[in-house]
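To start, the structure itself, in structure tokens.
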Amino acid sequence: MPELPEVEGVVRQIRPVSIGKRIVSVDVSDTIRKSKKAGKEAILKRIEADDFQERLAGAQILGVERRSKYIYMTMKNEQEFLLVNHLGMSGAWFFVDSLLSIPEDKFRRHVHIVLTLDDGNLLAFSDIRRFGEMRVLETEADFPPLLLMAPEPFADGALEWFLQQAESPRFRNKPIKEVIMDGTVISGCGNIYATEALFRMKIHPKRAASRISCKRKIELFQAIAAILLESIEAGGSTISDYRNINGESGSMQDRFGMYGKKTCTVCGTETKTVKIASRASVYCPSCQK
DNA sequence: GGTAGCCGCCGGGCGC
DNA sequence: TGCGCCCGGCGGCTA
């Protein structure tokens, strides 16, 4: 599951190999075309396959940025526009000279979008579960949820924003895990890093936001930011379907204290799993209060 | 108008 | 071996 650190890794790799390049052709898989024809919004959101191809073909890639878990590619054809991509559960980009060079069969089998660059290389988007998203926008404002995202966790004002949101009527009575996983509260903190941060802070995932002191909330925010940075440096976490653009895994999962654990890595107690906002949440009933 | 809750997008993994 | 169920990030729709 790609979260902020994994997306950051992908962006850092795509940037040097794509900026300044021109897209000479665009391919959309038959699978996606069939889904679109059946009226589904598979990967391509609010745009038909032919229009997507037409829009991107010939465009030059001007910039590649990350915002929360989204990848923003600034492109220019007649005029500038944005290609906004979310990796969903299993999305992955590969930078290869041929689709056959994609290292693993399970990714090779699910390549849905291929951008052929003017240096002959390919930027291929593979997505096993097809929960990923591609949107062509004139500006960010064309997709309002992007404007509602919390500041980047490392940006000035992100802590103040978090405290204000967490104490608002909308969130104060909600389980803290649900609060920190909400993209309008903190950007880019998904299930994995929320689980790890709460474990490090010894906070029970179901504890209501209002029942955590301001001081502890500040420390929790700092723990989340620290874990995200630590994971960026470790090349992200590889839980099943994350790969970087060379098909490599990250190593952050080796440092997990709680996510995916049967027993607590601190005290050895058997971990428990509860559902919070319809997502499995694992915690240590002894350490986390 | 704000929000809670459900649906849809899917293949893989797992239990039986 | 094979079937069927469940999982999940997130937008969008309904009530």
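Across all strands, A:K275 comes closer than 4.0 Å only to sugar-phosphate atoms, never to a base (heavy-atom distances).
One interatomic measurement links the two molecules: CZ of A:F131 to C1' of B:dC7, which rounds to 11 Å at whole-angstrom precision. Going from atom CG of A:L44 over to atom P of B:dC10 covers 11 Å, rounded to whole Å. In this structure, the CD1 atom of A:I43 is 14 Å from the C1' atom of B:dG8, given to the nearest Å. Across the protein-nucleic acid pair, A:R130 atom CZ and C:dG8 atom C1' stand 16 Å apart, rounded to whole Å. Regarding A:E104, its CD atom lies at a distance of 13 Å from the P atom of B:dG12, rounded to whole Å. Summarising the geometry, the separation between NZ on A:K36 and C1' on B:dC10 is reported as 15 Å, rounded to the nearest angstrom. Nucleotide B:dT3 holds its P atom 12 Å from the CG atom of A:L148, rounded to whole Å. Rounded to whole Å, the distance from CZ on A:F125 to P on B:dC10 is 13 Å.
Neither OP1 nor OP2 of B:dG8 sits under 4.0 Å from any side-chain N or O of A:S35. Regarding contacts with the backbone of B:dC9, every side-chain N or O of A:K45 stays at 4.0 angstrom or more from both OP1 and OP2. The phosphate of B:dG11 has neither OP1 nor OP2 within less than 4.0 Å of any side-chain N or O from A:R129.
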In B/S/- notation, 5' to 3', how is nucleotides 10-15 of chain C contacted by protein heavy atoms closer than 4.0 Å?
SSSS--

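Where A:K174 and A:E41 meet DNA chain B, the nucleotide closest to each residue was compared, and A:K174 sits on the side nearer the 5' end.
Listed by first then second residue, pairs satisfying side chain to side chain donor-acceptor pair (under 3.5 Å) with a partner in residues 254-276 of chain A read A:E230-A:R255, not counting sequence neighbours. Identified under the side chain to side chain donor-acceptor pair (under 3.5 Å) test for residues 166-187 of chain A, with sequence neighbours left out: A:R67-A:S187, A:K177-A:N191, A:K177-A:S281, A:D182-A:T184.
Applying the side chain to side chain contact (heavy atoms under 4.5 Å, CB included) test between A:Y283 and each of A:L198, A:V274, A:I276 identifies A:V274 as the sole match. In summary, of the residues considered (A:R130, A:H110, A:H112), a side chain to side chain contact (heavy atoms under 4.5 Å, CB included) with A:S29 occurs for A:H112 alone.
Taking only side-chain atoms of A:R109, from C-beta outward, the nucleotide of B:dA4, C:dG8, B:dG12 with the closest atom is B:dG12. Considering only the side chain of A:H110, B:dG11 comes nearest among B:dC9, C:dC7, B:dG11. Taking the side chain of A:I128 as heavy atoms from C-beta on, and the options B:dT3, B:dG12, B:dC9, the nearest nucleotide is B:dG12.
No more than 12 heavy atoms of other residues, nucleotides or ligands lie within 6.0 Å of CD in A:E78, so this atom counts as exposed by the packing criterion.
In terms of modelled atom types and a separation under 3.5 Å, the side chain of A:R135 and the main chain of A:K45 share no donor-acceptor contact.
Of the N and O atoms on the side chains of A:W93 and A:N244, not one donor lies less than 3.5 Å from an acceptor on the other residue.
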